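These notes are about the structure you will find just below.
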Amino acid sequence: MTSSDPTALPDPWQPLHELLAAMDAEIEQVYVERGIKGVRPRFAYPLIRLAHTGPLTIRELATSLNRSHSAVSQTVAALRKEGLVTSEPGPDARTRRIDLTERGRALVPFLEAEWRATHAAVAELDAEVPYAMTAVVQELRRALESRSMRQRILRHLVEPPG
């Protein structure tokens, strides 16, 4: 590794990734302590939504959650593997309707309680630190609306010769 290796510098994203992963791991630990195995924090949102909407296609669920089709498709595959949802043919050959299994439905009351508790914990954290996480995220979004990350990267990008 030479000193010109840009990965020799600390990754500015790493602390944020580590913080989010640690927070998710602690939420998952709450599940495990309650005897809920095979459920990850990212499962809560789609499971709760499906409990309130009834069966949806992956596209409808993605739109409802404001997530990409690809991300929701991957999550649905993991949910299906854990026996939390079913996937049946939709109105045409290209779509699948996703619905809760009995196991998935039985978890929803706890997941809703955890969701509310997590939101309260985030509000508590926001009150404890000088720069509230939710406010910082909003400010970053505003800054990126005025000049996108892509534009900012291109402003600093020096392409190699050749």
Side-chain angles (χ1 to χ4, degrees), residues 7 10-145 148-150:
T7 64
D11 178 1
W13 297 105
Q14 192 63 31
L16 178 60
H17 290 300
E18 288 173 358
L19 175 64
L20 293 173
M23 291 168 72
D24 266 358
E26 291 208 38
I27 294 169
E28 191 168 347
Q29 187 60 36
V30 171
Y31 299 163
V32 170
E33 289 168 0
R34 299 302 186 281
I36 301 169
K37 293 184 178 28
V39 176
R40 296 198 217 132
R42 71 183 174 114
F43 294 177
Y45 198 10
L47 290 172
I48 293 168
R49 184 57 51 89
L50 286 167
H52 289 273
T53 63
L56 296 172
T57 65
I58 291 176
R59 184 163 310 287
E60 290 167 339
L61 184 57
T63 299
S64 171
L65 302 175
N66 196 27
R67 301 285 192 267
S68 72
H69 183 278
S70 174
V72 171
S73 183
Q74 290 174 11
T75 299
V76 165
L79 290 167
R80 201 170 40 243
K81 182 179 174 201
E82 293 299 332
L84 299 168
V85 298
T86 60
S87 175
E88 305 294 331
D92 64 58
R94 297 172 301 147
T95 61
R96 310 274 306 162
R97 294 197 65 75
I98 310 306
D99 199 6
L100 296 175
T101 62
E102 285 305 313
R103 178 175 183 238
R105 192 168 306 287
L107 289 174
V108 169
F110 174 77
L111 294 175
E112 287 178 336
E114 176 271 311
W115 185 275
R116 290 181 186 101
T118 298
H119 279 244
V122 168
E124 184 179 277
L125 277 170
D126 275 354
E128 289 180 25
V129 296
Y131 305 103
M133 175 175 49
T134 53
V136 169
V137 169
Q138 287 175 341
E139 291 300 321
L140 285 169
R141 282 186 193 272
R142 268 194 279 267
L144 290 169
E145 284 171 5
S148 73
M149 189 66 168
R150 181 184 149 279

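Fair warning: this is a prediction, and the values are worked out from it, not measured in the lab.
- Looking at every heavy atom in both residues, Y31 comes nearest to R40 through CE1-C, 3.7 Å.
- If you take OG1 on T86 and CD1 on I98, they are separated by 7.0 Å, rounding to the nearest 0.5 Å.
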Side chains of residues 13-25: which donor-acceptor partners sit under 3.5 Å, not counting sequence neighbours?
from, atom 1, to, atom 2, distance (Å)
Q14, NE2, E18, OE2, 3.0

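- At a threshold of 4.5 Å between non-hydrogen side-chain atoms, the residues V85 and L47 count as touching.
- Here R94 pairs with D92 under the salt bridge (Lys or Arg N to Asp or Glu O under 4.0 Å) rule; sequence neighbours left out.
- Between the CD1 atom of I58 and the OG1 atom of T95 there is a distance of 9.5 Å, given to the nearest 0.5 Å.
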Mind listing the side-chain donor-acceptor pairs of residues 100-108 below 3.5 Å, one per line with the distance, residues two or more places apart or on another chain?
from, atom 1, to, atom 2, distance (Å)
T101, OG1, G83, O, 2.6
T101, OG1, L84, O, 3.2
T101, OG1, R103, N, 3.4
T101, OG1, G104, N, 3.1
R103, NH1, E82, O, 2.6
R103, NH2, K37, O, 2.6

Indicate every side-chain donor-acceptor pair of residues 62-80 with a distance under 3.5 Å to a residue at least two apart or in another chain.
from, atom 1, to, atom 2, distance (Å)
T63, OG1, R59, O, 3.0
S64, OG, R49, NH1, 2.5
R67, NH1, L65, O, 3.2
S68, OG, A71, N, 3.0
T75, OG1, R42, NH1, 2.8
T75, OG1, A71, O, 3.1
R80, NH1, S87, OG, 3.4

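- For R96, there are no salt bridge (Lys or Arg N to Asp or Glu O under 4.0 Å) partners two or more places apart in sequence or in a different chain.
- Not counting sequence neighbours, E114 has no partner by the salt bridge (Lys or Arg N to Asp or Glu O under 4.0 Å) test.
- With sequence neighbours excluded, the residues that form a side-chain contact (heavy atoms from CB on, under 4.5 Å) with H52 are I48, E112.
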List the atom pairs, with distances to 0.1 Å, where a side-chain N or O of residues 129-144 and a protein N or O form a donor-acceptor pair under 3.5 Å, not counting sequence neighbours.
from, atom 1, to, atom 2, distance (Å)
T134, OG1, D126, OD2, 2.4
E139, OE2, R142, NH2, 2.7

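- By the ring-ring contact (aromatic ring centres under 6.0 Å, His included) test, Y45 pairs with W115, sequence neighbours left out.
- Residues satisfying the side-chain contact (heavy atoms from CB on, under 4.5 Å) criterion with Q29, sequence neighbours excluded, are V32, E33.
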